[in-house]
Amino acid sequence: MAQNAPRIAGRHFLQIPGPTPVPDRILRAIAMPTIDHRGPDFGKLGQRVLDGMKSIFKTKSHVVIYPASGTGAWEAALANTLSPGDKVLMVETGHFATLWKTMAAKLGIEPTFIASDWRTGADAAAIEAALRDDKAHAFKAVCVVHNETATGCTSRIDEVRQAIDAARHPALLMVDTISSLASIDYRHDEWGVDVTVAGSQKGLMLPPGLSFNAVSDKALAVSKASKLPKSFWSWDDMIASNTTGYFPFTPATNLLYGLDEAIQMLHEEGLDNVFARHDRHAEATRRAVRAWGLDILCRDPKYYSSVLTAVVMPEGHDADALRAVILDAFDMSLGTGLSKVAKKVFRIGHLGDTNDLTIVGALAGVEMGLGLAGVPHQAGGVTAAMAYLAETKKGTAAKAA
Ligand SMILES: *Cc1c(COP(=O)(O)O)cnc(C)c1O
């Protein structure tokens with residue numbers, strides 16, 4: 001983008017696990033003129049996106065939309081439900097879980113962190129054991145990251161719910177779905193989640209700038225007694241205004257146009273088809289990684305993420321050096337390794353508005369980049385991915401013929 005940089009033809013490959021490429025339809029929707037957020041037309045848009053998001057979260061209760069990144073919605077979840085000194089049980093799935101824990105401590109909450117090696121999902125049995133030990137019910141909430149974007153491990157929220165129920169513990173269940181919502185199956189009501197946190201720039205295919213809380217009736221009731229200071233994040237004023245589709249302050253009008261379009265696109269494709277598409281692209285990616293002879297950071301297939309794959313570099317090779325070669329040679333951005341796994345892994349995002357050829361193109365960029373960067377590997381990753389994608393398309397081709 002620098003003034004004198006030579007023009008690079010074609011589309012940039014944004015293969016990080018968020019922000020994801022924004023489809024043209026959404027970009028056009030966002031380009032509409034900004035309207036009066038207190039005028040007669042806005043309420044209809046507001047109501048449409050609030051109802052639409054309920055269908056994405058699969059909830060009949062409340063959805064709150066903030067003009068903020070996902071981090072804001074994390075804070076909202078904690079600040080609305082908890083009081084200073086409250087204990088919460090959190091699970092160290094990776095970098096994002098660690099950031100959420102650090103935030104909780106800064107807000108004056110006392111997190112207990114179940115440790116992990118960043119190569120697996122949340123251990124429901126460990127959660128159940130911690131809750132059974134908590135006879136006095138000191139834990140007010142269990143907080144889990146659904147898809148740990150730093151590692152490519154997806155936790156089983158249904159199993160976490162069962163663990164809480166088996167321990168007969170009244171703690172709220174709060175789940176970060178910032179990188180999973182609208183990419184991996186998620187059911188706020190069915191799984192008895194009390195607060196779901198989400199963001200706009202990953203599966204929802206929007207630019208960054210919106211975030212969400214889905215709030216159960218139980219969480220809303222608990223929030224009445226919560227004593228952490230809050231004003232901007234307060235659910236009360238939001239939910240009161242939202243009943244007519246309006247907001248207590250200026251909402252991000254143009255991003256809401258984009259959200260309206262995104263929700264429509266997701267339903268046009270069908271959520272189940274969206275999830276199946278992500279599953280296929282993830283499996284194609286893993287087949288490529290295995291063919292290259294490289295390791296997948298997530299070590300248990302039960303927790304494989306359909307959103308991203310973190311690839312472990314061979315000993316002595318720097319993932320960021322490889323990423324730099326690939327960006328320079330092929331104009332493709334891959335995700336960097338975060339904190340504990342910095343330079344040791346790179347992450348291939350395969351979420352959002354992607355199709356088979358996007359994935360094949362991305363994997364081709366990685367395979368060529370491994371060669372250019374002198375990273376020891378075997379050829380054949382792209383071929384393995386193509387074989388899988390073609391094989392799993394056979395039924396579709398027969399239908400079209
Ligand atoms: C991206 C992400 C976040 C951070 O969201 P921001 O929009 O950057 O504030 C938190 N948790 C998870 C799981 C994420 O993927």
Side-chain angles (χ1 to χ4, degrees), residues 14-22 53 57 64-79 88 90-104 106-107 111 113 116 118 120-122 142-157 160 173-184 186 188 193 195-214 232-233 252 255 258-259 262 278 282 297-298 303-310 333-341 345-352:
L14 185 62
Q15 298 298 143
I16 60 176
T20 64
V22 182
M53 282 310 293
F57 284 112
V64 172
I65 306 177
Y66 297 105
S69 90
T71 303
W74 263 351
E75 180 157 342
L78 300 174
V88 295
M90 298 178 120
V91 186
E92 184 197 5
T93 45
H95 179 65
F96 289 98
T98 305
L99 289 177
W100 200 10
K101 183 213 66 166
T102 304
M103 170 188 276
K106 282 185 187 167
L107 291 174
F113 212 28
S116 104
W118 289 36
T120 181
V142 175
C143 301
V144 179
V145 174
H146 183 209
N147 183 72
E148 177 52 78
T149 322
T151 65
C153 298
T154 305
S155 291
R156 294 288 302 264
I157 303 306
V160 174
L173 173 56
M174 305 210 215
V175 180
D176 170 351
T177 65
I178 295 174
S179 67
S180 58
L181 193 76
S183 297
I184 300 173
Y186 187 75
H188 177 92
V193 181
V195 187
T196 300
V197 177
S200 57
Q201 75 273 28
K202 296 174 186 177
L204 289 173
M205 307 176 287
L206 296 172
L210 290 180
S211 55
F212 309 85
N213 280 170
F232 178 79
W233 303 116
L255 287 175
L259 181 60
H278 283 76
L297 182 64
C298 184
Y303 298 112
Y304 278 160
S305 169
S306 288
V307 153
L308 77 138
T309 300
S333 295
L334 295 167
T336 188
L338 295 164
S339 61
K340 269 192 198 175
V341 290
V345 308
F346 66 92
R347 295 171 298 149
I348 305 172
H350 32 74
L351 74 158

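Counting starts at 1 for both ligands and their atoms, in listed order.
Residue pairs meeting the salt bridge (Lys or Arg N to Asp or Glu O under 4.0 Å) criterion with at least one member in residues 143-153: none, sequence neighbours excluded.
In this structure the side chain of Val197 never reaches within 4.5 angstrom of the side chain of Met174, judged on heavy atoms.
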Atom pairs, nitrogen or oxygen, ligand 1 to protein, under 3.5 angstrom:
| residue | atom | partner | partner atom | Å |
| --- | --- | --- | --- | --- |
| ligand 1 | 7 (O) | Gly70 | N | 2.8 |
| ligand 1 | 7 (O) | Gln201 | NE2 | 2.8 |
| ligand 1 | 9 (O) | Ser69 | OG | 2.5 |
| ligand 1 | 9 (O) | Gly70 | N | 3.2 |
| ligand 1 | 9 (O) | Thr71 | N | 2.8 |
| ligand 1 | 9 (O) | Thr71 | OG1 | 2.5 |
| ligand 1 | 11 (N) | Asp176 | OD2 | 2.7 |
| ligand 1 | 15 (O) | Thr149 | OG1 | 2.4 |
| ligand 1 | 15 (O) | Lys202 | NZ | 2.6 |

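Of the N and O atoms on the side chains of Thr196 and Tyr186, at least one donor lies less than 3.5 Å from an acceptor on the other residue. For the residue pair Ser339 and His95, a side-chain donor N or O sits within less than 3.5 Å of a side-chain acceptor on the partner.
Legend: residues meeting side-chain hydrogen bond (donor to acceptor under 3.5 Å, both in side chains) with Ser306, ordered by chain and number and at least two apart, are Asp279. Every residue two or more places apart in sequence or in another chain that forms a side-chain hydrogen bond (donor to acceptor under 3.5 Å, both in side chains) with Thr154 is listed here: Asn147.
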